[in-house]
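Here is the structure we will look at, set down as structure tokens.
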Amino acid sequence: MKRWQGLFWMALLLAGCGAEEPVFETRFLAFGTLVDLSISGAPRAQAEAAATAIEQDFQTMHHLWHAWDPGPLGRVNRLLPSGERFAAPPSVLALIGLGQELSARSDGLFNPAIGGLVDLWGFHRDDPSQWTPPDDDRIQAFVQQLPSMADIETDGIFLRGANPRLKLDFGALGKGYGIDLAIEHLREMGIENAILNAGGDLRAIGSRGDRPWRIAIRRPAGAGALGIIAVSGDEAVFTSGDYERKFEHQGRRYHHIIDPRTGYPARGSLSVTVLHADATTADAAATALFIAGPDGWHALAARMGIRYVLLVDDQGAIQMTPAMAERIELLAHPGPVQISPPLPAAEAPRHP
Ligand code: AMP
Ligand code: MG
């Protein structure tokens with residue numbers, strides 16, 4: 001009897017709300033994080049086939065772009081410090097080109113050439129007990145000889161490194177570029193409405209039936225959402241936060257987003273959320289603006305052509321652009337909220 005009553009109420013509820021668009025959902029592990037794929041408005045068999053293909057794409061990209069495993073990027077990382085000219089594997093050339101362009105546009109704050117510094121801090125290891133502050137001497141020696149993406153000379157498929165400390169770590173870009181490639185693949189397979197979400201960083205295309213996708217922005221401290229953003233059409237939402245990888249050592253807190261100017265974790269921000277047309281740019285920009293911090297993010301966002309930015313500073317206060325303020329529905333937030341002057345209308349073009 002109870003069961004029938006339940007069904008009756010559910011039917012009434014559905015009738016009242018208008019039937020929910022069915023969404024196919026699947027989840028897998030890649031890039032060290034959980035990836036959620038939601039597909040709307042496609043027959044189940046088509047969605048399942050697409051999901052299988054996308055999961056394979058992610059496993060392949062993970063292998064191709066891993067900085068510390070002996071795959072193609074591992075090989076590039078062995079050869080770059082030698083200063084010798086070599087033919088690069090095609091699978092990493094595009095990523096290197098994008099890394100060079102975005103690093104230059106971020107004034108070098110986004111710098112995927114500092115894999116050696118990530119090594120020193122131990123953040124490439126999955127075991128948090130191995131994350132520890134290196135000797136200051138070693139950090140200073142690295143920063144004196146700071147490698148940059150401009151130290152990689154490219155000539156067609158040939159590369160030559162001009163700095164013995166070069167080591168590429170695409171931890172701040174690969175997820176974004178991978179999501180862009182996967183979205184392109186989904187479209188080729190006839191999927192027009194989807195969200196591809198890797199650990200809270202995502203790109204959404206189309207809509208969920210006649211409604212936009214609703215995206216929760218993670219609160220930097222603790223669980224729960226800071227706000228909700230409605231996305232329909234095609235847009236990426238990326239957050240860089242100190243909470244992803246952090247540790248305490250002798251009473252001080254350290255995290256994994258490193259300011260290349262100092263060699264130490266960037267100070268002043270807890271998290272930065274960026275909305276942009278593509279995930280590649282959004283990923284690099286969120287990292288760069290996090291490092292630029294509460295005083296520097298606005299000028300850098302203008303330079304990078306990013307319109308939608310929200311930064312939570314280390315006091316818990318929010319700064320955001322007027323464009324972001326129009327889009328985000330903030331949930332209860334105890335700290336102050338400051339709206340910045342508007343940014344120039346010119347937005348960075350869509351990648352890739
Ligand atoms: P994200 O979560 O996108 O901000 O990426 C953070 C990851 O990028 C770190 O775990 C490092 O592997 C790497 N990383 C740290 N600092 C930088 C930096 N200044 N530029 C580029 N990549 C960085
Ligand atoms: Mg990033």
Side-chain angles (χ1 to χ4, degrees), residues 31-33 62 65-69 73 77 95-96 98-126 128 130-131 134 139 142-143 146-150 152 165-180 198-203 218 220 236-247 254-276 278-293 296-297 300-301 304 306 309 311-312 351:
F31 289 120
T33 183
H62 182 96
W65 300 340
H66 200 292
W68 283 270
D69 283 356
L73 185 58
N77 278 337
L95 207 49
I96 290 174
L98 289 165
Q100 287 183 316
E101 182 200 323
L102 289 159
S103 187
R105 280 211 340 246
S106 75
D107 291 333
L109 293 190
F110 163 72
N111 181 353
I114 60 166
L117 207 45
V118 177
D119 264 348
L120 279 181
W121 283 91
F123 283 120
H124 60 296
R125 300 205 167 91
D126 287 328
Q130 304 205 18
W131 305 343
I139 293 181
F142 193 98
V143 171
L146 189 75
S148 83
M149 292 306 284
I152 303 173
R165 290 192 183 262
L166 272 172
K167 178 164 185 176
L168 299 174
D169 165 15
F170 288 113
L173 183 70
K175 210 203 272 183
Y177 183 49
I179 287 180
D180 281 339
D201 295 325
L202 59 93
R203 181 162 162 191
R218 192 167 154 185
V237 185
F238 269 66
T239 300
S240 277
D242 72 345
Y243 47 80
E244 297 261 353
R245 286 181 177 228
K246 65 173 183 203
F247 65 89
Y254 300 91
H255 62 81
H256 68 135
I257 304 176
I258 300 181
D259 187 337
R261 297 166 298 190
T262 63
Y264 280 82
R267 300 213 161 273
S269 317
L270 290 187
S271 75
V272 167
T273 300
V274 165
L275 256 77
H276 195 72
D278 65 277
T280 302
T281 309
D283 196 355
T287 306
L289 298 175
F290 181 100
I291 298 167
W297 70 268
L300 187 60
M304 294 189 79
I306 306 294
V309 186
L311 178 145
V312 182
H351 273 302

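All ligand and atom numbering here is 1-based and tracks the order in the structure.
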Could you pull out all residues at least two apart from Phe247 that satisfy ring-ring contact (aromatic ring centres under 6.0 Å, His included)?
Phe123, Tyr254
Any protein N/O atoms within less than 3.5 Å of an N/O atom in ligand 1? List the atom names and distances, or say none.
| residue | atom | partner | partner atom | Å |
| --- | --- | --- | --- | --- |
| ligand 1 | 3 (O) | Asp283 | OD1 | 3.1 |
| ligand 1 | 3 (O) | Thr287 | OG1 | 3.1 |
| ligand 1 | 4 (O) | Ser240 | OG | 2.6 |
| ligand 1 | 4 (O) | Thr287 | OG1 | 2.7 |
| ligand 1 | 8 (O) | Ala172 | N | 3.4 |
| ligand 1 | 10 (O) | His256 | ND1 | 2.8 |
| ligand 1 | 12 (O) | Asp169 | OD2 | 2.5 |
| ligand 1 | 16 (N) | Ile258 | N | 3.0 |
| ligand 1 | 19 (N) | Leu109 | O | 3.0 |
| ligand 1 | 19 (N) | Ile258 | O | 2.8 |
| ligand 1 | 20 (N) | Asn111 | N | 2.8 |
| ligand 1 | 20 (N) | Asn111 | O | 3.4 |

List for me each residue that meets ring-ring contact (aromatic ring centres under 6.0 Å, His included) alongside His256, sequence neighbours excluded, and say none if there are none.
none
Which angle, to the nearest 10 degrees, do you find at the Mg ion (ligand 2) between O in Asp283 and OG1 in Thr287?
90°
CG of Leu73 to CD1 of Ile96: how many Å apart, nearest 0.5 Å?
7.0 Å
Yes or no on side chain to side chain donor-acceptor pair (under 3.5 Å) for Asp180 and Thr280, after CA distance, side-chain angles and deciding distance?
CA-CA 7 Å; Asp180 281 339; Thr280 302; 2.6 Å; yes
Write out all pairs satisfying salt bridge (Lys or Arg N to Asp or Glu O under 4.0 Å) with one or both partners inside residues 168-179, taking only residues at least two apart or from two chains.
Lys175-Asp201
Please report the interatomic distance OG(Ser271) to CG(Leu289), rounded to the nearest 0.5 Å.
12.0 Å
